Amino acid sequence: METGERESKNFIETIIENDIKEGRVTTIKTRFPPEPNGYLHIGHAKSIILNSGLAEEYGGKFNLRFDDTNPTKEKSEFVESIEADVKWLGANWEDRLFFASNYFDDMYKAAVRLIERGKAYVSDMSADEIREFRGTLTEPGKDDPYSKRTVEENLKLFEEMKEGKYEDGSKVLRARIDMASPNINMRDPVIYRIAHLTHQNTGDKWCIYPMYDFAHPIEDAIEGITHSICTLEFEDHRPLYDWVLIEAGFKKTAEDTPKQIEFAKLYLTNVVTGKRYIKKLVEEGIVDGWDDPRLVSIAALRRRGFTPESLRKFVELCGISKGNSSVDYAMLEYCIREDLKLKRSRIMACLNPVKVVIDNFPEDKEEELVVVNNMENDELGTHTIKFTKEIYIDRDDFMKEPPKKYFRLYPGNEVRLMQAYYVTCTSFEEDENGEVTVIHCTYDPETKGGNSPDGRKVKGTIHWVPAPYAVKATVRLYENIVNEELGVYNEDGSLNLNPNSKTVLTDCVIEPEILKAKPYDSFQFVRQGFFAVDPKDTTDNHLVFNRIVSLKSSYKLPTNK
RNA sequence: UGGGCUAUCGCCAAGCGGUAAGGCACAGGACUUUGACUCCUGCAUGCACCAGUUCGAAUCUGGUUAGCCCAGCCA
């Protein structure tokens, strides 16, 4: 099944369709506006896929814009990684890559316009004083003593701020709105601050920088964005967004575009999402880096072997709404399995190998068998594998004393070795600890290919690797970094980490076909799950695999008896 | 306790006055050279709660409760 069609549309699509129907817009324009202060994670994927998807769906345009209005937090390292991640996800901004910082001139002019219209003033109050005068949630604020400055005075002061005459924090430009507004964002918000810093894009050209609330609506207006989609916490900012556009002359009424629309963020149950938390895990060295496979940053998911298609499917499946919610991780697992199962070759690998000797198989004989890479997808072709007297199977596929309904290998039982022969376990050897060291079997030469001419059935089919040709590799197993509740830090800043979130490296053996694999290539290891070649740890002569997701398993060993 | 927003199955989520879509998860069954996949079947007399309007309400009205967001010169 390819891109299955959704029968219901989300509320943003409804808004857009109304805007088109009622003639407010003809070509819609959306944007993804990250601040380059960290790496992108799966939550951003929702926004990227939503915004670019909407543009695509309605024949509009999608822009990538760096919202770099605060040089204290931003680095060019991050703009590079973000660009790569957005591209990898398949969002196409064509030639429309923008930087808010390139609009600083327009923003400065807009601020001057506000001052001229008496809608903004320079204040000398300190940050503490401004906070004090702002009032509280239940009490109104008090007028800024500097709010009575004349237009001329404000113009002169703001010009001097720009020229660098004042120190950081000594003056700010505030919008003149309403200190008694029940919406605290409207109590004369600061719209420009002084920061003598080298900006990642504009260098030392500016020493005053616009605040988000002032800059963002202007950025949208300049680019002709029609639908400015953001997350729920900006709902209270929407009146300010409209105020700026109207007072600075970018639009007539709040009904005109650009129009801000808010939706709920994506949370994964028990998984640490959120830039600042991931950042903390990285900085504290709890994980190896931004792309540690246990994380859900885009870089980590890519390294781990997730596909862009699987993330698109996931976002689509989760839906868009205004209710805060937390999606089951199982949903993500479903999406990646669904995407990979028809795209990837199946290969036999024993994560915890144990040797099997086929006693009645001739000592030096080798048989070449042809294996279909994916029974459901012919395009993936075939490969060959040698069958030999000594092979490895997974330790889980043998039990000395099988519990009920266990139908893999055990003394006296016959199973099928995938694509090869029926074998029957005759005996086994164990060490002093009771650990099985070698399993002895006999094979039935009549069953080559895995079918019995006499119509005899076996209940179990197990995978194997020829011992002389087994390729040694390492698999990285881990659980996601999880927390008890929504991946949130405790009040003291600590995190209740899942004890399983440790990475475990295990030696394994894989059939020789695996030697053709390159970094990021992924496979379905028969009965084990999907794995991808790690791009960082892998060397020329040793492969390291990250587990992308395990397969569903409906056989559980009985817990008691 | 000022303002804004949200409340439909374990988890997402449609629904917009005409008698509860779909997906994930789960359970049972069929099939199977991966106990996978695939395929069937089941899974809210109920839509946070209480009143009211209506022939009829998850959808409208009033009230209540719960959760999320806002007092950065962050975004």
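Just the heavy atoms: all of them, side chains too, but no hydrogens, waters or symmetry mates, feed the values below. So you know, we letter chains A, B, ... as the sequences are listed, proteins then strands, and number each from 1. Keep in mind that what you see is a predicted model, and the values were worked out from it rather than measured.
- Classification of A/K259 and A/D242 as a salt-bridged pair fails, no side-chain N sitting under 4.0 Å from a carboxylate O.
- No donor-acceptor contact under 3.5 Å links the side chain of A/R238 to the base of B/G4.
- The aromatic rings of A/F234 and A/H237 stand perpendicular to each other, their planes meeting at an angle above 60°, with 30° marking the opposite boundary.
- Both thresholds, 5.5 Å between centres and 30° between ring planes, are met by A/Y555 relative to the base of B/G35, so the two rings are stacked.
- Distance noted for atom C1' between B/U61 and B/U54: 12 Å (whole Å).
- When rounded to the nearest whole Å, the span between NZ of A/K459 and P of B/A36 equals 12 Å.
- Here the C1' atom of nucleotide B/U6 and the NZ atom of A/K322 are 9 Å apart, to the nearest Å.
- B/U45 and B/A58 are spaced 14 Å apart, taking the C1' atom of each and rounding to whole Å.
- In this structure, A/F32 atom CZ and B/A75 atom C1' are separated by 12 Å, rounded to whole Å.
- Protein atom CD1 of A/I191 is 16 Å distant from nucleotide atom C1' of B/G72, rounded to whole Å.
- With 3.5 Å as the limit, one finds no donor-acceptor pair spanning the side chains of A/R187 and A/S181.
- Look at B/A14: it lacks any Watson-Crick or wobble partner with both distances under 3.5 angstrom.
- A/V190 comes within 4.0 angstrom of sugar-phosphate atoms only, judged by non-hydrogen atoms across all strands, and of no base.
- Here the separation of B/C9 from B/G46, taken at their C1' atoms, is 9 Å to the nearest Å.
- In summary, A/R149 and A/D124 engage in a salt bridge, as defined by a charged side-chain N under 4.0 Å from a carboxylate O.
- Nucleotide B/C60 is matched to B/G52 when pairs are restricted to Watson-Crick or G-U wobble geometry with both distances under 3.5 angstrom.
- Base pairing of B/A75 is not made with any nucleotide, judged by Watson-Crick or G-U wobble geometry with both donor-acceptor distances under 3.5 Å.
- Remark: the separation of the C1' atoms in B/G56 and B/A75 is 49 Å, to the nearest Å.
- As a whole-Å value, the separation of A/F263 CZ from B/U6 C1' is 16 Å.
- Within 4.0 Å of A/N451, counting heavy atoms only, lies at least one base atom of the nucleic acid.
- With respect to A/R65 and A/E223, a salt bridge is recorded, a charged nitrogen being found less than 4.0 Å from a carboxylate O.
- Across all strands, A/M211 comes closer than 4.0 Å only to sugar-phosphate atoms, never to a base (heavy-atom distances).
- When Watson-Crick and G-U wobble pairs are counted only if both distances are under 3.5 Å, B/A36 pairs with no nucleotide at all.
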**Fill in**
Nucleotide by nucleotide, nucleotides 15-25 of chain B touches protein heavy atoms under 4.0 Å in the pattern (B base, S sugar-phosphate only, - none) ------B-BSS
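- When heavy atoms are screened at a 4.0 angstrom cut-off, A/Q528 is found touching no nucleic acid atom at all.
- Between A/K448 and A/E367 there is a salt bridge, since a side-chain N of the basic residue sits under 4.0 Å from a carboxylate O of the acidic one.
- At least one side-chain nitrogen or oxygen of A/T69 sits closer than 4.0 Å to the OP1 or OP2 atom of B/A75.
- Note on A/D397 versus A/R527: salt bridge recorded, some NZ/NE/NH1/NH2 to OD/OE distance being below 4.0 Å.
- Here the two rings, on A/Y192 and A/Y209, have centers that are 6.0 Å apart or farther.
- Residue contacts shown for A/V327 are limited to sugar-phosphate atoms, with no base heavy atom under 4.0 Å away.
- As rounded to whole Å, 15 Å separates atom C1' of B/C74 from atom CD1 of A/I130.
- A salt bridge links A/K343 with A/E309: at least one charged nitrogen is closer than 4.0 Å to a carboxylate oxygen.
- Shown here, B/C5 forms a base pair with B/G67; the pair counts as Watson-Crick or G-U wobble because both key distances fall under 3.5 Å.
- Within the 4.0 Å cut-off from OP1 or OP2 of B/C74, at least one side-chain nitrogen or oxygen of A/R193 is found.
- Across B/G35, B/C74, B/C12, the shortest atom-to-atom separation from the side chain of A/Y406 is found for B/G35.
- If you check every strand for non-hydrogen atoms under 4.0 Å, A/Y192 touches nothing.
- Residue contacts shown for A/M125 include a base, since a base heavy atom lies under 4.0 Å away.
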Contact list (N/O, under 3.5 angstrom) for nucleotides 67-71 of chain B vs protein:
| from | atom 1 | to | atom 2 | distance (Å) |
| --- | --- | --- | --- | --- |
| B/C68 | O2' | A/N324 | OD1 | 3.1 |
| B/A71 | O3' | A/R134 | NH2 | 3.4 |
| B/A71 | O2' | A/R134 | NE | 3.2 |

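- Ion pair A/R456/A/E414 flagged as a salt bridge, since at least one NZ, NE, NH1 or NH2 atom sits closer than 4.0 Å to an Asp/Glu carboxylate oxygen.
- The distance between atom CD of A/Q419 and atom P of B/U32, rounded to the nearest whole Å, is 16 Å.
- Taking the P atom of each, B/U19 and B/G15 are spaced 15 Å apart, rounded to whole Å.
- Sequence order on RNA chain B of the closest nucleotides to A/K46 and A/E235 puts A/E235 first from the 5' end.
- If you look at A/Y555 and A/F407, their ring centroids are not closer than 6.0 Å.
- Across all strands shown, nothing is found opposite B/A25 as a Watson-Crick or G-U wobble partner with both distances under 3.5 Å.
- Backbone-only contact: A/G323 has heavy atoms under 4.0 Å from sugar-phosphate atoms and none from a base.
- Distances were taken from every side-chain heavy atom of A/N70 (C-beta onward) to each of B/C12, B/C73, B/C74; the shortest belongs to B/C74.
- Using P as the reference atom, B/G63 and B/G2 are 14 Å apart when rounded to the nearest Å.
- One finds a salt bridge joining A/E233 and A/K265 here, because a Lys/Arg side-chain nitrogen approaches an Asp/Glu carboxylate oxygen to under 4.0 Å.
- Evaluation of the ring-ring contact (aromatic ring centres under 6.0 Å, His included) rule for A/F525 yields A/F531, A/F545 as partners, not counting sequence neighbours.
- Using C1' as the reference atom, B/G29 and B/A66 are 41 Å apart when rounded to the nearest Å.
- Distance check on atom C1': B/C24 versus B/G67 gives 23 Å, rounded to whole Å.
- Look at B/G72: its glycosidic torsion is within 90° of 0, and that puts it in the syn range.
- Nucleotide B/C5 holds its P atom 16 Å from the CD1 atom of A/I12, rounded to whole Å.
- No engagement by A/T72 is indicated, since no non-hydrogen atom pair under 4.0 Å with the nucleic acid exists.
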